[in-house]
2 protein chains.
Amino acid sequence: MTSVPHISDAEWEVMKVLWAKTPCTANEVIEALADQTDWKPKTIRTLLNRLALKQAISYSQENKVYAYFPLVSEDECVKSETTSFLKRIYGGAFKPLLVNFLKEDHLSQEDIQELKNILDDKTK
Amino acid sequence: MTSVPHISDAEWEVMKVLWAKTPCTANEVIEALADQTDWKPKTIRTLLNRLALKQAISYSQENKVYAYFPLVSEDECVKSETTSFLKRIYGGAFKPLLVNFLKEDHLSQEDIQELKNILDDKTK
DNA sequence: GTGAATGTATTACAGCTGTAATCCAAATAA
DNA sequence: TTATTTGGATTACAGCTGTAATACATTCAC
């Protein structure tokens, strides 16, 4: 089974666009990222190229213009990144992450209640 | 307020050693990492140097040999990495991460119960 | 048909990372 | 005292990343 290629920070933004709406032309990606970033169009084309090189995406040449689409799913990538992040920072254990987050008070009472509901479902 | 410098994967391993027992000589760090990694001593010295350069650690010259110690706390670093990870992958939201993890069945029933207890405490 | 625009391909370049090796000075052994 | 060892400082070098610019080819407007 093939593991997903490593996707860098900047590349990740491009992937999110393609995961949200696929396929996309380069220009569509550029437009989608215009609000969130200050990247020049050439920069985004470079990122598309690199993603194609590392086989995270591919493209077909529809009516003269490339239409890019992901080769790896968001779920796969999220899972892979999360796993390696947890391993790096928390030694692979998920609980300390939650504990840390609760300590930091990043969650509202509503969030906490919702998490409890999720956990309840899981215990059913 | 100063933010923590970015600590790379390999550097993180060194920091963990220093957080666990501080101060440490280079040789102590090298020995501590001998089981977990295949790194040559020179490699670890390089990492110590880089960490000192980016002011994540410093050292004092005790009896002819450097004794290294962290300048940033594990808590700070963990928090900073976690925040930027969440922002990158999950758009900053913590809940999807938990949901994802539960989906993947990475947690035992005991884990789930423990998380619920933590959340209960938080709600009290 | 020729110049301008547009999309694609190639090239650029510095900083960070992984992974060391080499050089040098001081201490130690002989 | 001289050769060896050892620790620290400097240098190496390629691959990845961020951030594009330039070169080239095709198409479109005149």
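As the structure is a prediction and not an experimental result, all values here were calculated from the model. We name chains A, B, ... by the order of the sequence lines, and we start the count at 1 in each one.
Ring orientation note: the planes of W12(A) and W19(A) are nearly perpendicular, at an angle over 60° on the 30°/60° scale.
Residues meeting the salt bridge (Lys or Arg N to Asp or Glu O under 4.0 Å) test with E114(B), sequence neighbours left out: K95(A). The salt bridge (Lys or Arg N to Asp or Glu O under 4.0 Å) check on K116(A) picks up D120(B), with sequence neighbours excluded. In this structure, R45(B) has no salt bridge (Lys or Arg N to Asp or Glu O under 4.0 Å) partners at least two apart in sequence or on a different chain.
For dA9(C), the OP1/OP2 oxygens have a side-chain nitrogen or oxygen of Y66(A) closer than 4.0 Å.
With values rounded to the nearest 0.5 angstrom, S84(A) atom OG is found 8.0 Å from K87(A) atom NZ. A distance of 10.5 Å separates CG of L33(B) from CD of E31(B), quoted to the nearest 0.5 Å.
Between Q55(A) and P5(A), the closest side-chain pair of non-hydrogen atoms is not below 4.5 Å. Within the 4.5 Å cutoff, the side chain of Y68(A) has no heavy atoms near those of the T22(A) side chain.
Listed by residue number, the members of residues 5-24 of chain A with any heavy atom below 4.0 angstrom from DNA chain D are H6(A), S8(A), D9(A), A10(A). Taking every heavy atom of residues 35-48 of chain B and every atom of DNA chain D, pairs under 4.0 Å involve K42(B), R45(B), by number.
If you take CG of N49(A) and P of dG7(C), they are 15 Å apart, rounded to a whole angstrom. Atoms CG (N27(A)) and P (dA5(C)) sit 16 Å apart, rounded to a whole Å.
For DNA chain D, the outermost nucleotides in 5' to 3' order that have an atom under 4.0 Å from a heavy atom of chain B are dG7(D) to dA12(D).
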